[in-house]
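The structure appears right after this line, and notes come after that.
We count ligands from 1, going down the list as the structure has it; atoms in each ligand are counted the same way. Just so you know, these numbers use all the heavy atoms, side chains as well, and skip hydrogens, waters and symmetry mates.
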Amino acid sequence: MRDQPVEERRAEAGQSILAAGPALAASEADERLPISAPALVGNELEYVRECLESSWISSRGRFGEAFERAFAEVCGVEHAVAVNSGSAALHLALLALGVSPGDEVIVPALTYVATASAVSYCGAKPVFVDSEPCSWNLDPAAVAAAVTPRTVGIIAVHLYGLPAEMDVLEAIARRHGLFLLEDAAQAHGSRYGGKPVGSLGDAAAFSFFGGKLLTTGEGGMVVSDDPAVAEAARRLRNHGEDPLRRYHHTELGFNYRLTNVAAAIGLAQVERFDWHVQRRRANAARYRSLLDGHPALELSHAGPLATTTVWLMSVALAGATTARRDHVMAILDRAGIETRPVFPPVHRQAIFAGPAGSTLPVAERLAATGLSLPSGAMLSECQIDRVCAALMQAIADTESD
Ligand SMILES: *Cc1c(COP(=O)(O)O)cnc(C)c1O
């Protein structure tokens with residue numbers, strides 16, 4: 001594998017020479033490893049060319065619906081509504097599920113800020129709960145304890161791709177008459193109990209940001225089996241226009257439409273869905289074979305019902321200070337390895353900071369000591385070996401921190 005020319009390996013992976021870019025010039029050992037680069041290995045270029053040559057570059061054209069149908073199929077749901085970001089998908093899903101000002105929605109503290117922002121866009125209040133130390137996902141016991149008479153729903157984030165404990169969360173939601181929305185922005189292709197994420201709650205939101213598992217540049221999708229949710233999302237993404245009367249607006253909506261060009265990229269990505277999923281899973285298996293059980297590292301672990309498509313392989317440095325974590329990240333950066341800190345918990349963000357002294361210890365510890373490693377679909381086994389060797393060296397070099 002190591003001696004095979006880069007061109008050949010890229011060709012095997014399905015990547016065109018055109019898409020390979022300047023990386024071809026550099027030897028692999030010097031190559032900078034990005035955290036999660038898009039893998040544009042299918043019909044992306046051909047479909048985008050079709051948009052440009054036909055001048056269908058705005059939100060009308062053949063790719064929007066084709067992308068929605070293909071994505072609904074891989075999620076095992078009836079309806080999919082494409083929008084221009086994952087944040088927009090969350091916002092519309094919450095509105096379609098009836099969230100209004102004054103409501104409370106339970107969200108994990110350990111997530112990207114957009115999960116909580118979408119709740120605030122609706123005038124509702126995000127109520128933050130802690131993570132469960134094994135899975136890093138929201139702790140069902142903490143969710144049950146956070147329910148109040150104002151609670152209307154729960155957002156289950158599948159953090160870094162690992163599915164949340166949906167059976168238990170669904171039981172809590174049922175008992176209290178709450179909706180269960182999946183924030184699947186990081187989890188395309190993961191499964192729980194044999195079913196794809198996106199098909200497990202009342203609705204789900206996906207992101208197609210450049211660094212996510214599948215990408216359209218920027219983009220998102222609302223998926224649901226409920227036709228009313230899909231219809232509401234369709235109206236709201238288009239300024240609340242009455243579908244039968246042009247320029248007649250029955251409710252306050254938004255311009256959250258996805259362009260035909262972005263949908264063209266999305267369709268090409270979904271056509272190679274299994275390839276993307278398999279590459280990410282193979283990466284994670286390689287990482288785990290090298291890192292699992294290491295005394296200096298804490299990894300997340302999925303329960304027996306979960307099959308994970310890992311978005312970003314993430315580890316926490318057991319017992320480390322944040323200064324040491326940052327030092328490890330700086331050493332890796334100098335070795336040409338891009339990393340990211342685990343998301344600072346949202347309840348600590350300036351825009352959401354709750355009452356002083358509110359602590360969510362697991363989320364805070366993982367955020368203080370965690371980092372994400374290069375995880376893109378194009379990563380090779382020997383590049384993963386290089387990352388792990390550099391990580392081990394950096395851990396050893398920072399022991400006195
Ligand atoms: C990326 C992400 C979003 C937002 O998606 P955008 O497409 O960037 O708007 C929402 N939730 C989570 C958990 C994410 O990782």
Side-chain angles (χ1 to χ4, degrees), residues 35-38 67 71 80-95 99 105-122 126 128-129 131 135-138 153-164 166 169 180-190 197-198 200-201 203-223 233 236-237 254-259 262-263 265-266 269 280 300 308-314 340-347 349 351-352 363 366-367 370 372 375-376:
I35 188 85
S36 178
F67 178 36
F71 197 69
V81 182
V83 292
N84 55 19
S85 72
S87 305
L90 281 168
H91 186 192
L92 294 194
L94 289 168
L95 290 174
V99 175
V105 177
I106 297 172
V107 302
L110 193 63
T111 181
Y112 180 57
V113 67
T115 314
S117 301
V119 175
S120 295
Y121 297 162
C122 303
F128 300 108
V129 299
S131 294
S135 69
W136 300 20
N137 277 322
L138 75 184
I154 302 165
I155 305 182
V157 178
H158 307 304
L159 195 70
Y160 297 123
L162 196 152
M166 293 301 286
L169 294 172
L180 182 55
L181 171 63
E182 292 176 80
D183 180 344
Q186 308 180 355
H188 316 60
S190 289
V197 305
L200 303 164
F206 286 86
S207 165
F208 301 108
F209 170 67
K212 295 284 163 74
L213 285 153
L214 295 186
T215 186
T216 58
E218 298 276 3
M221 192 83 80
V222 179
V223 304
L236 291 167
R237 79 172 166 186
F254 311 87
N255 175 2
Y256 283 166
R257 298 182 301 260
L258 188 71
T259 66
I265 298 171
Q269 293 265 293
R280 298 278 183 162
S300 62
T308 306
T309 317
V310 174
W311 171 47
L312 298 182
M313 184 69 203
S314 302
R340 291 282 159 81
V342 162
F343 303 109
V346 186
H347 73 292
Q349 300 280 350
I351 47 168
F352 289 112
L366 293 171
S372 301
S375 304

Note every protein N or O atom lying under 3.5 Å from an N or O atom of ligand 1, pairing the names and giving the distance.
residue, atom, partner, partner atom, Å
ligand 1, 5 (O), S207, OG, 3.3
ligand 1, 7 (O), G86, N, 2.7
ligand 1, 7 (O), S207, OG, 2.7
ligand 1, 9 (O), G86, N, 3.3
ligand 1, 9 (O), S87, N, 2.8
ligand 1, 9 (O), S87, OG, 2.6
ligand 1, 11 (N), D183, OD1, 3.3
ligand 1, 11 (N), D183, OD2, 2.8
ligand 1, 15 (O), Q186, NE2, 2.7
ligand 1, 15 (O), K212, NZ, 3.0

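Residue pairs meeting the side chain to side chain donor-acceptor pair (under 3.5 Å) criterion with at least one partner in residues 82-92, sequence neighbours excluded, are H91-Y256.
Using a distance-only test at 3.5 Å, with no hydrogens or angles considered, a donor-acceptor pair links the side chain of S207 to the main chain of F209.
Residues Y160 and F343 place their aromatic rings such that the two centres sit under 6.0 Å apart.
Side-chain contact annotation: H158 with Q186, donor-acceptor N/O pair under 3.5 Å absent.
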The test is side-chain contact (heavy atoms from CB on, under 4.5 Å); show your working for V83 and L258 and say whether it passes. CA-CA 5 Å; V83 292; L258 188 71; 5.9 Å; no
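Ring geometry, F208 versus F206: the interplanar angle falls under 30°, so the pair is classed parallel (tilted spans 30 to 60°).
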